[in-house]
Engineer: 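My questions all concern the structure below.
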Amino acid sequence: MSQRKTYSELRSDVLSRYPSGRSSSGVSVDDIVQLKLQNTYATHLDIAREMASVMRADMAAYDADPRNSTQSLGCWSGFHAQQMIKSVKRLRGSARGVYVYLSGWMVAGLRNRWGHLPDQSMHEKTAVAELIQEIYTSLRQADEVALNDLFKALDAARAAGDTAAEAAAIEAIDGFESHVVPIIADIDAGFGNEHATYLLAKELIKAGACCLQIENQVSDAKQCGHQDGKVTVPREDFIEKLRACRLAFEELGVDDGVIVARTDSLGAGLTQKVPVSRAPGDLASQYIKWLKTEPITEENPIREGELALYRDGEFMRPARLPNGLFPFMEGTGRARVVEDCIASLTQGGADLLWIETDTPNVDDIASMVSEIRAAVPDAKLTYNNSPSLNWTLNLRKQVRAQWLAEGTISEDSYPEGNELMKPDYDETDLGREADARLRAFQTDISTRAGVFHNLITLPTFHLTAKAMDELSRGYFGEDRMLAYVATVQREEIRRGISAVRHQHEVGSDLGDTFKEMVGGERALKAGGSANTMNQFAAE
């Protein structure tokens with residue numbers, strides 16, 4: 001992060017303006033200093049610029065040592081993001097290497113005025129920028145609350161005449177690490193043509209996004225990456241959208257802005273356009289070569305209104321669906337993914353790749369990355385540890401298949417297929433081995449397959465659903481209040497989750513502090529002895 005003035009430096013600056021220790025309106029110099037330090041960023045565009053530098057530093061650290069990978073969770077509200085970062089700071093003492101992922105799926109499913117809708121670019125464009133703004137407002141408020149607590153400790157030390165405690169409080173203020181972290185923002189397929197992409201990208205960046213993730217699907221036919229019916233665009237079209245994102249970063253002075261180029265070609269078997277090839281081996285010809293075709297013969301002549309392609313010295317008829325879409329040859333997705341990635345990096349100026357996969361298999365991804373790195377040695381990925389994949393079943397199948405190949409087990413040792421999901425197998429050798437691989441998955445994929453950033457797109461969607469089910473089952477069942485206390489409040493207290501003091505979490509103490517700043521003894525405060533939040537220990 002950028003270097004900010006220390007408490008002492010800032011106090012000296014303010015005192016130079018108000019040598020008496022108070023402004024002309026009677027406001028204390030110390031109060032001015034506190035508010036200046038609590039305002040950790042002037043604008044959200046400043047956040048985008050600084051967080052871009054953070055991501056670039058993290059990428060350089062990963063290039064030096066692939067164990068330096070990064071992580072994020074998808075958050076569909078500012079509160080989710082705030083609580084995630086607070087939790088990480090409690091766990092690690094720092095949130096470095098942790099980002100927030102903003103999922104277009106969750107915006108469509110949870111954040112639009114048209115209801116709960118599928119991930120098909122059906123939500124309002126403005127909803128994404130609004131969520132970025134909300135997330136950073138929540139993270140900055142977490143800064144204000146935490147710094148206000150530190151200044152209260154400083155005031156208490158001074159009131160007690162404890163110089164050691166005063167020095168410790170100032171050191172804590174100067175060493176404070178902001179809750180603000182980079183956001184990787186999903187811009188879907190750009191919500192229109194390249195100009196529409198550019199205009200939307202600017203709004204996301206101005207809201208604070210330092211990293212944009214864009215996919216190579218057709219905007220008006222966009223599907224979730226884990227659904228069928230995906231339609232990709234020619235590589236020239238996608239490169240133009242990558243350039244649109246880069247120009248948006250450049251125009252707004254976010255010179256280190258990061259672009260993630262996502263390819264859905266592994267599961268996408270259709271294209272809407274047949275691009276025009278102008279020279280052998282160009283992007284269009286590389287894209288067209290994978291189209292499904294059939295020979296034009298006397299027995300199977302071309303008919304009125306049909307299209308023909310000239311391939312390998314003869315005319316071929318490209319297959320075409322009733323809706324006008326063109327299918328690719330079966331089994332070509334992997335090869336198209338590799339070509340997509342190389343083109344995005346070398347001609348589109350992308351910084352990171354995203355390969356949407358249908359199974360979580362480290363070996364498969366590493367194999368594709370190896371081919372990409374033959375052309376672009378420093379290629380790096382973000383990887384979607386997606387809830388759309390059945391992780392338990394996939395990993396158990398992988399272990400079973402490997403053990404069978406090695407002769408460790410026989411066919412009848414464990415069943416194949418969905419039977420492996422049964423809890424009966426949780427405490428078996430196979431179940432424990434699969435869980436061990438799940439624990440190591442992100443480390444393995446980062447060190448072996450070039451994955452710089454691991455994310456889970458929809459965890460807070462599923463977590464909220466599960467948590468509400470857990471509470472509701474008890475509260476509306478036999479346990480009533482015990483369900484709330486046992487599943488929520490006791491755990492908050494025992495884990496040190498600051499939200500247990502919900503009034504403090506949303507800024508009640510901030511309000512009291514400000515009232516004192518402007519009103520002194522006249523301040524009507526909420527945090528007195530009658531405040532029931534006093535029943536809870538501070539974080």
Engineer: Look up atom OG in Ser498 and atom CD in Gln83, then write down how far apart they are to the nearest 0.5 Å.
Structural biologist: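 These two atoms lie 5.5 Å from each other.
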
Engineer: If only atom types and distance count, is the side chain of Asn112 paired as donor or acceptor with the main-chain N or O of Ala108 below 3.5 Å?
Structural biologist: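 Yes, the answer is positive, given that a donor and an acceptor are paired below the 3.5 Å cut-off.
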
Engineer: Could you walk me through whether Glu419 and Tyr425 pass the side-chain hydrogen bond (donor to acceptor under 3.5 Å, both in side chains) test, one step at a time?
Structural biologist: CA-CA 9 Å; Glu419 286 288 306; Tyr425 300 102; 5.2 Å; no

Engineer: What distance do Leu204 atom CG and Ile132 atom CD1 have between them, rounded to the nearest 0.5 Å?
Structural biologist: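 Nearest 0.5 Å value for the CG-CD1 distance: 4.5 Å.
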
Engineer: Is the closest basic N to carboxylate O distance between Asp65 and Arg67 below 4.0 Å?
Structural biologist: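 A salt bridge links Asp65 with Arg67.
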
Engineer: With distance as the sole test, does Asp186 use its side chain to make a donor-acceptor pair with the main-chain N or O of Gly104 at under 3.5 Å?
Structural biologist: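 The answer is yes, because a donor-acceptor pair under 3.5 Å joins these two groups.
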
Engineer: Counting C-beta onward and ignoring hydrogens, is there a side-chain heavy-atom pair between Trp354 and Leu455 closer than 4.5 Å?
Structural biologist: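 A side-chain contact under 4.5 Å exists here.
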
Engineer: Between Asn361 (side chain) and Asp363 (backbone), is there a donor-acceptor pair under 3.5 Å?
Structural biologist: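 Looks like yes, one N/O pair under 3.5 Å.
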
Engineer: Roughly how far apart are Trp105 CH2 and Ser386 OG, rounded to 0.5 Å?
Structural biologist: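 One finds 10.0 Å between CH2 of Trp105 and OG of Ser386.
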
Engineer: Should the pair Phe441 and Trp391 be assigned to parallel (<30°), tilted (30 to 60°) or perpendicular (>60°) ring geometry?
Structural biologist: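 The arrangement is perpendicular - the two ring planes meet at more than 60°.
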
Engineer: I'd like to know if the side chain of Asp479 reaches the main chain of Leu482, judged simply by a donor and an acceptor atom lying under 3.5 Å from each other, with no hydrogens or angles considered.
Structural biologist: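 The answer is no, because no donor-acceptor pair under 3.5 Å joins these two groups.
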
Engineer: Does the distance from a Lys or Arg side-chain N to an Asp or Glu carboxylate O, for Glu433 and Arg400, drop under 4.0 Å?
Structural biologist: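 Answer for the salt bridge query: no.
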
Engineer: So, taking the atom named CD1 in Ile187 and the one named CG in Leu212, what distance separates them when rounded to the nearest 0.5 Å?
Structural biologist: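 Reported to 0.5 Å precision, the distance equals 5.5 Å.
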
Engineer: Say whether Ser94 and Glu177, considering side chains only, have a donor N or O and an acceptor N or O under 3.5 Å apart.
Structural biologist: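 Yes, because at least one side-chain N or O of Ser94 sits under 3.5 Å from a partner of the opposite role on Glu177.
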
Engineer: Do Ser25 and Ser23 meet the criterion of a side-chain donor-acceptor pair at a distance under 3.5 Å?
Structural biologist: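 Side chains of Ser25 and Ser23: pair found under 3.5 Å.
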
Engineer: Where do Arg140 and Asn39 land on the side-chain hydrogen bond (donor to acceptor under 3.5 Å, both in side chains) test, with the steps shown first?
Structural biologist: CA-CA 8 Å; Arg140 293 179 67 193; Asn39 185 22; 2.7 Å; yes

Engineer: When you measure from the side chain of Thr513 to the backbone of Asp509, do you find a donor-acceptor pair of N or O atoms at a distance under 3.5 Å?
Structural biologist: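 Here the side-chain-to-backbone pair exists.
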
Engineer: So does Thr443 get a backbone contact from the side chain of Thr447, meaning a donor-acceptor N/O pair under 3.5 Å?
Structural biologist: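 Side chain of Thr447 to backbone of Thr443: a pair is present.
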
Engineer: What I'd like to find out is whether the side chain of Leu471 reaches to under 4.5 Å of the side chain of Phe476, using heavy atoms alone.
Structural biologist: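 SC-SC contact between Leu471 and Phe476 ruled out.
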
Engineer: Would Asp435 and Arg437 satisfy salt bridge (charged side-chain N to carboxylate O under 4.0 Å, His left out), going step by step from the backbone distance to the final call?
Structural biologist: CA-CA 5 Å; Asp435 284 354; Arg437 295 187 185 190; over 6 Å; no

Engineer: When you compare the side chain of Lys397 with that of Leu420, does any pair of heavy atoms fall below 4.5 Å?
Structural biologist: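 The answer is yes, as the side chains (C-beta and beyond) meet within the 4.5 Å cut-off.
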
Engineer: Compile the donor-acceptor pairs under 3.5 Å between side chains in residues 156-173 and protein atoms, sequence neighbours left out, one pair per line.
Structural biologist:
| from | atom 1 | to | atom 2 | distance (Å) |
| --- | --- | --- | --- | --- |
| Arg158 | NE | Glu166 | OE2 | 3.0 |
| Arg158 | NH1 | Tyr7 | OH | 3.1 |
| Arg158 | NH2 | Tyr7 | OH | 2.8 |
| Asp162 | OD1 | Ala164 | N | 3.2 |
| Asp162 | OD1 | Ala165 | N | 3.0 |

Engineer: Is any side-chain heavy atom of Ile259 closer than 4.5 Å to a side-chain heavy atom of Leu352?
Structural biologist: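 A side-chain contact under 4.5 Å is absent here.
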
Engineer: Within the side chain of Gln38, is there an N or O that forms a donor-acceptor pair under 3.5 Å with the backbone of Leu147?
Structural biologist: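 Judged by distance alone, no pair lies under 3.5 Å.
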
Engineer: Under the salt bridge (charged side-chain N to carboxylate O under 4.0 Å, His left out) test, which residues partner Glu427, sequence neighbours left out?
Structural biologist: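 Counting only residues at least two positions away or on another chain, Glu427 forms a salt bridge (charged side-chain N to carboxylate O under 4.0 Å, His left out) with Arg432.
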
Engineer: Give, for atom CG of Leu110 and atom CZ of Phe461, the distance between the pair rounded to the nearest 0.5 Å.
Structural biologist: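 Interatomic distance, Leu110 CG to Phe461 CZ, rounded to 0.5 Å: 6.0 Å.
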
Engineer: Please tell me if the side chains of Thr457 and Asn385 come closer than 4.5 Å, counting only heavy atoms from C-beta onward.
Structural biologist: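 Answer no - side chains too far apart.
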
Engineer: Would you say Gln213's side chain and Ala185's backbone share a donor-acceptor pair under 3.5 angstrom?
Structural biologist: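 Here the side-chain-to-backbone pair does not exist.
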
Engineer: Kindly indicate whether the side chain of Glu203, heavy atoms from C-beta on, has any atom under 4.5 Å from the side chain of Thr126.
Structural biologist: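 Not in contact.
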
Engineer: As a test of understanding, state which of Asn68, Asn454, Thr70 forms a side chain to side chain donor-acceptor pair (under 3.5 Å) with Ser446.
Structural biologist: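 Between Ser446 and the candidates, side chain to side chain donor-acceptor pair (under 3.5 Å) is satisfied uniquely by Asn454.
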
Engineer: Taking the ring centre of each residue, are His453 and Tyr383 less than 6.0 Å apart?
Structural biologist: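 Not close enough - the centres of the two rings lie 6.0 Å or further apart.
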
Engineer: Work out which heavy atom in Ile365 is nearest to a heavy atom in Ala449; give both atom names and the distance.
Structural biologist: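 Looks like CG2-CB, 4.1 Å.
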
Engineer: Find out whether Tyr136 and Tyr41 are in side-chain contact, i.e. whether some heavy atom of one side chain is under 4.5 Å from a heavy atom of the other.
Structural biologist: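 They are not in contact (no side-chain heavy atoms under 4.5 Å apart), so the answer is no.
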
Engineer: Indicate yes or no: at least one non-hydrogen side-chain atom of Val399 is less than 4.5 angstrom from one of Arg396.
Structural biologist: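 No; the side chains remain at least 4.5 Å from each other.
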
Engineer: For Val100 and Val181: C-alpha separation, side-chain torsions, deciding distance, then whether side chain to side chain contact (heavy atoms under 4.5 Å, CB included) applies.
Structural biologist: CA-CA 7 Å; Val100 175; Val181 299; 3.8 Å; yes

Engineer: Can you check salt bridge (charged side-chain N to carboxylate O under 4.0 Å, His left out) on Lys466 and Glu470, steps first, answer last?
Structural biologist: CA-CA 6 Å; Lys466 175 183 174 294; Glu470 184 177 5; 3.6 Å; yes

Engineer: Under 3.5 Å, is there a donor-acceptor pair between the side chain of His44 and the main chain of Ala207?
Structural biologist: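 Yes, His44 side chain to Ala207 backbone: donor-acceptor pair under 3.5 Å.
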
Engineer: Salt-bridged, Asp58 to Arg56, with N to O below 4.0 Å?
Structural biologist: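 No salt bridge links Asp58 with Arg56.
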
Engineer: With side-chain hydrogen bond (donor to acceptor under 3.5 Å, both in side chains) as the criterion, how do Arg494 and Gln489 come out once you've worked through the C-alpha distance, each side chain's angles and the decisive distance to 0.1 Å?
Structural biologist: CA-CA 9 Å; Arg494 291 169 180 174; Gln489 192 179 78; over 6 Å; no

Engineer: For a side chain to side chain contact (heavy atoms under 4.5 Å, CB included) check, start with the C-alpha distance between Val180 and Glu50, then their side-chain angles and the critical distance, and finish with the verdict.
Structural biologist: CA-CA 10 Å; Val180 171; Glu50 186 164 322; over 6 Å; no

Engineer: Give the C-alpha distance, both sets of side-chain angles, the deciding distance and a yes or no for side-chain hydrogen bond (donor to acceptor under 3.5 Å, both in side chains) between Asn394 and Thr359.
Structural biologist: CA-CA 7 Å; Asn394 272 292; Thr359 59; 5.1 Å; no

Engineer: Which is it for Ile214 and Asp188 under the side chain to side chain contact (heavy atoms under 4.5 Å, CB included) test, yes or no, and what are the steps along the way?
Structural biologist: CA-CA 5 Å; Ile214 186 166; Asp188 271 42; over 6 Å; no

Engineer: Can Arg49 and Asp46 be counted as an ion pair, charged N to O under 4.0 angstrom?
Structural biologist: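 Result for this pair is yes, salt bridge flagged.
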
Engineer: Show the nearest heavy-atom pair for residues Ala209 and Ala48, with the distance to one decimal.
Structural biologist: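 Residues Ala209 and Ala48, closest heavy atoms: O-CB, 3.6 Å.
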
Engineer: Salt bridge between Arg4 and Glu9, side-chain N to carboxylate O under 4.0 Å?
Structural biologist: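 No, this pair does not count.
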
Engineer: Within a reach of under 6.0 Å around CZ of Arg96, are more than 12 heavy atoms found that belong to other residues, nucleotides or ligands?
Structural biologist: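 No, because the 6.0 Å sphere around CZ of Arg96 holds 12 heavy atoms or fewer from other groups.
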
Engineer: Please lay out, stage by stage, how Tyr62 and Lys380 fare under the test side chain to side chain contact (heavy atoms under 4.5 Å, CB included).
Structural biologist: CA-CA 9 Å; Tyr62 176 82; Lys380 291 180 284 295; 3.5 Å; yes

Engineer: Find the distance between CG (Leu73) and OG (Ser103) and round it off to the nearest 0.5 Å.
Structural biologist: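 OG of Ser103 is found 12.0 Å from CG of Leu73.
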
Engineer: Using the ring of Phe176 (Phe, Tyr or Trp, six-membered ring only), decide whether Lys89 places NZ or CZ under 6.0 Å from its centre and within 45 degrees of its axis.
Structural biologist: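 Output yes; distance and angle both within limits.
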
